[in-house]
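Reviewing the structure listed below.
Chain letters run A, B, ... following the sequence lines, proteins first, then strands; residues in each count from 1.
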Amino acid sequence: MNSLEIKKVRGFQDIYGDNAKKYRFIVETAREVFEKYNFQEIILPYVEDVSLFIRSVGEMTDIVQKEMYVFEDRGGRRVALRPEGTASAVRAFIEERMYAKGGYHKLFYEGAMFRYERPQAGRYRQFHQIGAEIFGVDSPLSDAELIKMVKDILDRLGIEARLEINTLGDFESRKRYMDALREYLKKTKDTLCDICKTRVKTNPLRVLDCKVEQCKQSTEDAPKITDFLPEERIERYVKLKEYLKALGIDFIENPRLVRGLDYYTDTVFEFITEKIGAQGTVAAGGRYDKLVEQLGGPPTPALGFAAGIERLMLLIDKVPSENLLTVVIPLTDEFNLTALKLSSLMRERGMKTELLLKAGSLKSKMKLANRFGARFVVFVSERPELKDMETGEQEVFETAEDIVDVLEKRVLV
RNA sequence: GAGGGUGUAGCUCAGUCGGCAGAGCACAAGGUUGUGGCCCUUGGGGUCGCGGGUUCAAGUCCCGUCACCCUCCCCA
């Protein structure tokens with residue numbers, strides 16, 4: 001490594017090789033599932049007005065307070081690299097007047113998010129999410145269907161994660177609940193861990209989520225959110241659970257599950273795994289019935305989810321196999337032209353083909369072919385030969401074109 | 001923002017008490033007279049993260065700094 005070498009910025013990463021394959025596999029799988037559920041893609045900007053996130057994610061949240069990439073552009077606008085997708089989707093829903101068409105809208109998106117955090121396993125400053133939002137539906141049917149859709153994606157990726165759900169109710173009863181919780185926590189404050197002592201003020205719901213054993217114990221008898229919700233909210237929650245059971249989806253009710261973004265109402269859920277270190281939440285979402293209104297749109301119930309692609313990647317060990325590879329090797333330079341044309345023909349016929357571009361001994365070329373994972377090698381000379389790298393068998397042909405016909409049957413499924 | 005760990009060849013990592021800079025993998029050539037994987041031989045490869053200090057002598061000890069990894073926090 002010399003002093004001219006420039007390295008990637010902290011918290012950013014290059015995704016290449018097998019990781020790029022996993023990335024694509026995840027995005028394509030999700031896309032197929034979204035398609036089945038009749039969601040429409042929306043490609044959103046990476047840069048937004050800062051106030052969009054302040055007013056949606058929440059002014060006091062960590063994301064807004066200390067994790068956003070905020071800067072002023074040359075026109076003096078205060079902008080931010082998006083730290084999450086929902087805010088932009090809602091902004092677009094309003095700004096593009098999607099509600100004017102009536103009915104309801106189902107959108108999905110994919111792409112990079114940016115948060116200035118300390119990097120760690122499964123956590124980067126630029127990370128990637130797939131996500132989906134449903135605008136204009138109130139029914140718990142939509143909650144159930146969204147959760148089922150996430151589960152479908154995870155299933156098709158071969159990823160196991162447990163589902164935890166909770167309800168946060170409406171803002172009014174949540175506020176009453178938080179007051180009561182704060183009162184309760186003040187009494188037990190001495191038994192809480194240091195971090196939680198400060199959380200009593202800033203974010204009492206988080207205390208319930210604390211991993212420290214003493215905190216878990218001393219909050220065992222803490223008031224429960226469900227005791228503060230009006231009957232209709234409870235009924236809604238019961239309905240959702242009914243639907244999930246009907247769909248055969250296992251879930252754990254976790255009354256301590258809270259989410260870090262301010263906009264959630266009623267349903268929240270997380271898919272969690274223990275297999276990838278401390279950052280185990282792999283997909284999460286919930287309902288946000290007031291957000292569209294808060295951002296200047298007409299009152300519109302809505303819900304959505306997002307999944308972290310990097311974290312999903314950690315849970316995938318292999319992507320489904322691809323087409324078999326054939327490597328074309330000209331034996332000497334005088335056969336370069338023939339090999340070039342042959343490779344071109346093979347690709348036209350749909351075969352995955354590597355024309356061996358590097359000069360060197362035949363031995364070194366064979367080594368390369370082997371490393372590329374070639375199943376077949378074609379030696380191009382007066383009498384072209386086809387070698388099966390697995391069996392070692394070798395056949396001689398009259399012309400290069402003859403080989404193509406034979407290969408086609410063996411390579412293409 | 002707080003804590004812990006690690007920086008030595010392209011990669012993974014040894015390096016004892018401070019005393020000549022090492023191994024495996026990878027790469028190149030050959031063993032094999034154009035044929036891969038396994039094996040053998042030979043070869044090319046180093047700002048020991050960076051800066052300073054102690055010392056006759058520093059990869060090794062001390063101070064600083066940067067980067068990466070992990071954890072808390074927070075989140076997907």
Side-chain angles (χ1 to χ4, degrees), chain A residues 1-13 26 57-58 60-68 83-86 111-131 150 161 193-196 198-199 202-203 206 209-212 258-261 269-273 276-286 304-315 327 329-335 356 358-381 385-394:
Chain A
M1 182 192 325
N2 63 49
S3 58
L4 290 176
E5 194 171 328
I6 295 171
K7 297 199 284 183
K8 57 185 173 289
V9 174
R10 183 164 162 77
F12 291 73
Q13 54 168 348
I26 290 163
V57 174
M60 300 313 287
T61 59
D62 279 18
I63 290 177
V64 167
Q65 291 260 309
K66 43 192 192 190
E67 295 173 6
M68 273 207 292
E84 59 113 41
T86 298
M113 309 292 163
F114 303 84
R115 291 181 202 173
Y116 193 87
E117 297 180 271
R118 287 288 282 270
Q120 133 187 10
R123 194 169 82 182
Y124 304 92
R125 289 181 175 176
Q126 178 185 326
F127 60 104
H128 301 80
Q129 290 186 332
I130 48 179
V150 179
C193 70
D194 288 350
I195 298 157
C196 280
T198 67
R199 284 203 276 228
T202 59
N203 196 352
R206 271 277 158 211
D209 208 24
C210 186
K211 285 154 200 147
V212 178
V258 294
R259 318 235 34 293
L261 290 73
F269 64 91
E270 286 191 19
F271 284 89
I272 305 165
T273 173
I276 54 172
Q279 309 300 323
T281 299
V282 106
F305 90 97
I309 296 178
E310 282 82 355
R311 291 181 191 177
L312 294 173
M313 281 165 63
L314 293 173
L315 291 162
V327 171
I329 300 179
L331 280 189
T332 60
D333 282 353
E334 57 181 307
F335 297 106
L356 209 122
K358 208 173 174 205
S361 66
L362 187 53
K363 181 172 179 166
S364 68
K365 287 174 178 169
M366 285 300 286
K367 278 189 168 188
L368 276 175
N370 200 52
R371 195 168 340 140
F372 277 129
R375 177 58 201 275
F376 296 100
V377 166
V378 175
F379 298 107
V380 181
S381 66
E385 292 175 61
L386 173 64
K387 184 182 178 101
D388 185 325
M389 295 292 273
E390 211 156 86
T391 64
E393 284 167 22
Q394 206 159 312

Legend entry - A/F114 CZ - B/rC75 P separation (whole Å): 20 Å
Inset, instruction - Would you tell me if any nitrogen or oxygen in the side chain of A/Q120 comes within less than 4.0 Å of OP1 or OP2 on B/rC69? - result: no
Inset, instruction - Tell me which nucleotide among B/rG36, B/rC75, B/rG34 gets nearest to the side chain of A/I63. - result: B/rC75
Legend entry - Distance, P atom - from B/rG44 to B/rC38, rounded to whole angstrom: 24 Å
Inset, instruction - Rounded off to whole Å, could you give me the CD-to-P distance for the A/Q394 and B/rG34 pair? - result: 14 Å
Legend entry - Any donor-acceptor N/O pair, A/R115 side chain to A/Q126 backbone, under 3.5 Å: no
Legend entry - Complement of B/rC20, any strand, by Watson-Crick or G-U distances under 3.5 angstrom: none
Inset, instruction - Check the distance between B/rG36's C1' and A/F376's CZ and give it to me in whole angstrom. - result: 15 Å
Legend entry - Residue whose closest nucleotide on RNA chain B lies nearer the 5' end, A/G360 versus A/M389: A/G360
Legend entry - C1' atoms of B/rG15 and B/rC48, separation to the nearest Å: 11 Å
Inset, instruction - Identify whether any heavy atom of A/E310 sits under 4.0 Å from a base atom; if not, whether one sits that close to sugar-phosphate; answer base, sugar-phosphate or nothing. - result: nothing
Inset, instruction - Just label B/rG34 as syn or anti from its O4'-C1'-N9-C4 or O4'-C1'-N1-C2 angle, using within 90° of 0 for syn. - result: syn
Inset, instruction - First locate atom CD1 of A/I276, then atom CG of A/L315, and finally report the distance between them rounded to the nearest 0.5 Å. - result: 4.5 Å
Legend entry - Interatomic distance at C1', B/rG46 relative to B/rA9, whole Å: 6 Å
Legend entry - Distance, P atom - from B/rG1 to B/rG59, rounded to whole angstrom: 34 Å
Inset, instruction - Please state the P separation for the pair B/rU12 and B/rC68 - nearest whole angstrom. - result: 15 Å
Inset, instruction - Measure from NZ on A/K387 to P on B/rU35 and round the result to the nearest Å. - result: 10 Å
Legend entry - Whole angstrom value for the distance that separates P of B/rA76 from CZ of A/R123: 12 Å
Inset, instruction - Could you state the atom-to-atom distance from CZ of A/R125 to P of B/rC75 in whole Å? - result: 17 Å
Inset, instruction - Measure from the side chain of A/F127, starting at C-beta and using heavy atoms only, and say which of B/rG34, B/rG30, B/rA76 lies closest. - result: B/rA76
Inset, instruction - For A/Y124, report the nucleic acid contact type (base, sugar-phosphate, nothing); a contact means any heavy atom under 4.0 Å. - result: base
Inset, instruction - Provide the distance between the two P atoms, one in B/rG52 and one in B/rA58, to the nearest whole Å. - result: 13 Å
Inset, instruction - Would you mind telling me which of B/rA76, B/rU35, B/rC27 lies closest to the side-chain atoms of A/R371? - result: B/rC27
Legend entry - Residue A/S364, side-chain heavy atoms: nucleotide from B/rC70, B/rG36, B/rA29 that is nearest: B/rA29
Inset, instruction - Just name whichever nucleotide pairs with B/rU6, Watson-Crick or G-U, keeping both distances under 3.5 Å, else none. - result: B/rA67
Legend entry - Gap between atoms CZ and C1', on A/R10 and B/rC70 respectively (whole Å): 12 Å
Inset, instruction - Check for a donor-acceptor pair, side chain of A/R311 on one end and backbone N or O of A/T281 on the other, with a separation under 3.5 Å. - result: yes
Legend entry - Pairwise distance CD(A/E310) to CZ(A/F127) - rounded to 0.5 angstrom: 8.0 Å
Inset, instruction - Hey, could you give me the CZ/CD1 distance between A/F305 and A/I130, rounded to the nearest 0.5 Å? - result: 5.0 Å
Inset, instruction - Please tell me which of the listed nucleotides, B/rC72, B/rA29, B/rC75, lies nearest to the side chain of A/R118? - result: B/rC72
Inset, instruction - Establish, with yes or no, whether the OP1 or OP2 oxygen of B/rA76 is under 4.0 angstrom from a side-chain nitrogen or oxygen of A/Q129. - result: no
Legend entry - Inter-nucleotide P distance (B/rG30, B/rG18), Å rounded: 47 Å
Inset, instruction - Determine the contact category for A/E385: base if any of its heavy atoms lies under 4.0 Å from a base atom, sugar-phosphate if only primed atoms, P, OP1 or OP2 are that close, otherwise nothing. - result: base
Inset, instruction - Go through B/rA76, B/rC69, B/rG30 for me and flag the one nearest to the A/K363 side chain. - result: B/rG30
Legend entry - Nearest-angstrom distance from the residue atom CZ of A/F305 to P of B/rC75: 19 Å
Inset, instruction - Select base, sugar-phosphate, or nothing to describe what A/A284 touches, counting heavy atoms under 4.0 Å on all strands. - result: sugar-phosphate
Legend entry - RNA chain B: 5'-proximal contact among A/G392 and A/G122 (nearest heavy atom): A/G392
Inset, instruction - Could you please name the option among B/rG36, B/rU35, B/rG34 that lies closest to any side-chain atom of A/S381? - result: B/rG34
Inset, instruction - Return yes if some donor-acceptor pair links the side-chain N/O of A/R123 with the main-chain N/O of A/R118 below 3.5 Å, else return no. - result: yes
Legend entry - Rounded distance in Å between the P positions of B/rU8 and B/rA76: 35 Å
Legend entry - Straight-line distance of A/I329 CD1 to A/L331 CG, nearest 0.5 Å: 8.0 Å
Inset, instruction - If B/rU35 has a Watson-Crick or G-U wobble mate with both distances under 3.5 Å, name it; if not, just say none. - result: none
